[in-house]
Amino acid sequence: MASESNSSNGVQVDNTLQSICYTRGLLKLLDQRKLPLETIYLDIQDATDGWNAIRDMVVRGAPAIAIAAALSLAVEVSNLKDFSGTSDDAASFISIKLEYLVSSRPTAVNLADAATKLREVVLKAAAASTESEAVFQAYLEAAELMLKDDVASNKAIGSYGASFIQQHLENSKRFSVLTHCNTGSLATAGYGTALGVIRALHAKAVLERAYCTETRPFNQGSRLTAFELVHEKIPATLIADSAAAALMKDGRVSAVIVGADRVASNGDTANKIGTYSLAVCANYHKIPFYVAAPLTSIDLSLSSGEEIIIEERSPKELLNSRGGLGEQIAASGISVWNPAFDVTPANLIAGIITEKGVITRTAADAFDIQDFIEKTAS
């Protein structure tokens, strides 16, 4: 992967930062490991570059991972020279590459979901034509449509979420929201999920303040969310992860909104490590806790969060500063447990905000997400 500093190609969409810059045959990913001090875009030339960018956290956030993976393969396909196989060979080529990309980060369901949908597209194209070019063209169009649809989906999440929160916090004319990790335009194709809701609240002039956690050990909150909030001039305050309970006790938090990497069919939600702690604290202080995520983050094949595979990250992220990129700060020889995610049980979640509306619990401890999806689809 080659780097390019201070790229101006597609850096902003609707005045928001953009992590993915794409035109057919060319993909640049904002290296989020360098933020907020440096703005460097990396040239992604093929699926291998895409896999490494995802695994190494150049790009992160469940929606952005899926889009980056799809487009990294789109660039490779677009620049293929002298492919001599049949349409079935082309479909097999793409399917193998997609399976490889899914292995980069297993917890985020959006990546697997995107790969499944793209695989279906190419298999259908292969069945309809004997020409490999028809399969490659079908893949390119489907991958590029995912990029466009993700931005529209995020804006719908923001609109539904802001309206819902206003209705359910009707005793307050202005309120403050706490968020965790980074769920903004840097974690998506643009606008964001949980941070998109905060953007929408700010646009309605009802947001008093956004609070963001630093989100150790990789510091996505202090490096990325704070960067986005400052960029868009949204009133915001950064807090240590361990200060969240005290902030709630002081009455400074009206609601908590987080994103999701995978949601089980009952509503149990896997998200960045520390999310579960926030949900427990919010429940104790009687503060509503919301999850904002596209429907692609929902995995109906899982009955509960107990079935979600939790990725463990490198010990270096805890042993060294800057999320593992800096100097050693912990004692040599100490053992490390570093899960990337935890699972928040459905009974602690007040609502799941999607691009089709807000899903609320049908029972004291669970959501009927399947029913919601069926009703909104019809």
Side-chain angles (χ1 to χ4, degrees), residues 19-20 22 24 27 29 44 46-47 50-51 53-54 59-78 87-129 132-157 187-191 193 259-265 270 293-302 308-309 352 354-356 369-370 372-374 376-378:
S19 61
I20 300 171
Y22 173 83
R24 182 165 292 188
L27 173 64
L29 297 179
I44 306 300
D46 53 29
W51 192 97
I54 294 167
V59 61
R60 21 72 47 212
I65 286 171
I67 301 298
L71 294 179
S72 70
L73 181 51
V75 170
E76 182 171 351
V77 165
S78 181
S87 60
D88 287 337
D89 293 332
S92 178
F93 172 86
I94 290 173
S95 295
I96 291 170
K97 294 283 186 177
L98 288 171
E99 184 177 355
Y100 165 68
L101 284 162
V102 169
S103 71
S104 60
R105 296 203 72 183
T107 302
V109 70
N110 306 61
L111 176 52
D113 179 74
T116 297
K117 290 175 178 174
L118 290 167
R119 193 176 294 113
E120 290 172 354
V121 167
V122 298
L123 290 175
K124 183 178 179 181
S129 174
S132 60
E133 185 58 34
V135 175
F136 291 141
Q137 183 64 26
Y139 178 84
L140 289 172
E141 292 174 358
E144 289 164 359
L145 183 60
M146 284 184 172
L147 175 65
K148 180 180 178 181
D149 286 350
D150 188 63
V151 176
S153 172
N154 292 336
K155 289 184 176 180
I157 288 171
T188 63
Y191 199 75
T193 54
D261 284 81
R262 189 178 293 248
V263 180
S265 60
L295 291 175
T296 53
S297 293
I298 296 171
D299 189 346
L300 293 177
S301 72
L302 304 181
I308 298 175
I309 298 171
I352 300 172
T354 78
E355 70 272 28
K356 298 291 185 180
I369 297 178
Q370 176 77 58
F372 175 87
I373 291 175
E374 290 175 356
T376 54
S378 60

[X] side, atom [atom1]; [Y] side, atom [atom2] - distance, nearest 0.5 Å:
| X | Y | atom1 | atom2 | result |
| --- | --- | --- | --- | --- |
| I94 | L118 | CD1 | CG | 8.5 Å |
| I44 | L71 | CD1 | CG | 10.5 Å |
| S265 | I298 | OG | CD1 | 9.5 Å |

Nearest heavy atoms of [X] and [Y], plus distance in Å:
| X | Y | answer |
| --- | --- | --- |
| A68 | L27 | O-CD2, 4.0 Å |
| E355 | L295 | OE1-N, 3.0 Å |
| L111 | A69 | CD1-CB, 3.4 Å |
| A293 | I157 | C-CD1, 3.7 Å |
| E144 | Y22 | OE2-OH, 2.7 Å |
| L73 | A47 | CD1-CB, 4.4 Å |

Do any side-chain atoms of residues 132-142 form donor-acceptor pairs under 3.5 angstrom with protein atoms, and if so which ones, sequence neighbours left out?
| residue | atom | partner | partner atom | Å |
| --- | --- | --- | --- | --- |
| Q137 | NE2 | E141 | OE2 | 3.0 |
| Y139 | OH | A70 | O | 2.8 |

Which of L147, V151, D149 passes side-chain contact (heavy atoms from CB on, under 4.5 Å) with I67? It is L147
[X] vs [Y] side-chain heavy atoms within contact, under 4.5 Å:
| X | Y | result |
| --- | --- | --- |
| I54 | V59 | yes |
| T296 | K117 | yes |
| T193 | T188 | yes |
| T354 | F372 | yes |
| N110 | P294 | yes |
| N154 | D150 | yes |

Could you list the residues that satisfy salt bridge (Lys or Arg N to Asp or Glu O under 4.0 Å) with D299, not counting sequence neighbours? R262
Checking [X] side chain against [Y] main chain: does a donor-acceptor pair fall under 3.5 Å?
| X | Y | value |
| --- | --- | --- |
| S19 | L29 | no |
| T376 | I373 | yes |
| T116 | A112 | yes |
| S95 | A91 | yes |
| S87 | S129 | yes |

Output every pair passing side chain to side chain donor-acceptor pair (under 3.5 Å) with a member in residues 59-76, not counting sequence neighbours, ordered by first then second residue. Q32-R60, R60-N182, E76-K97
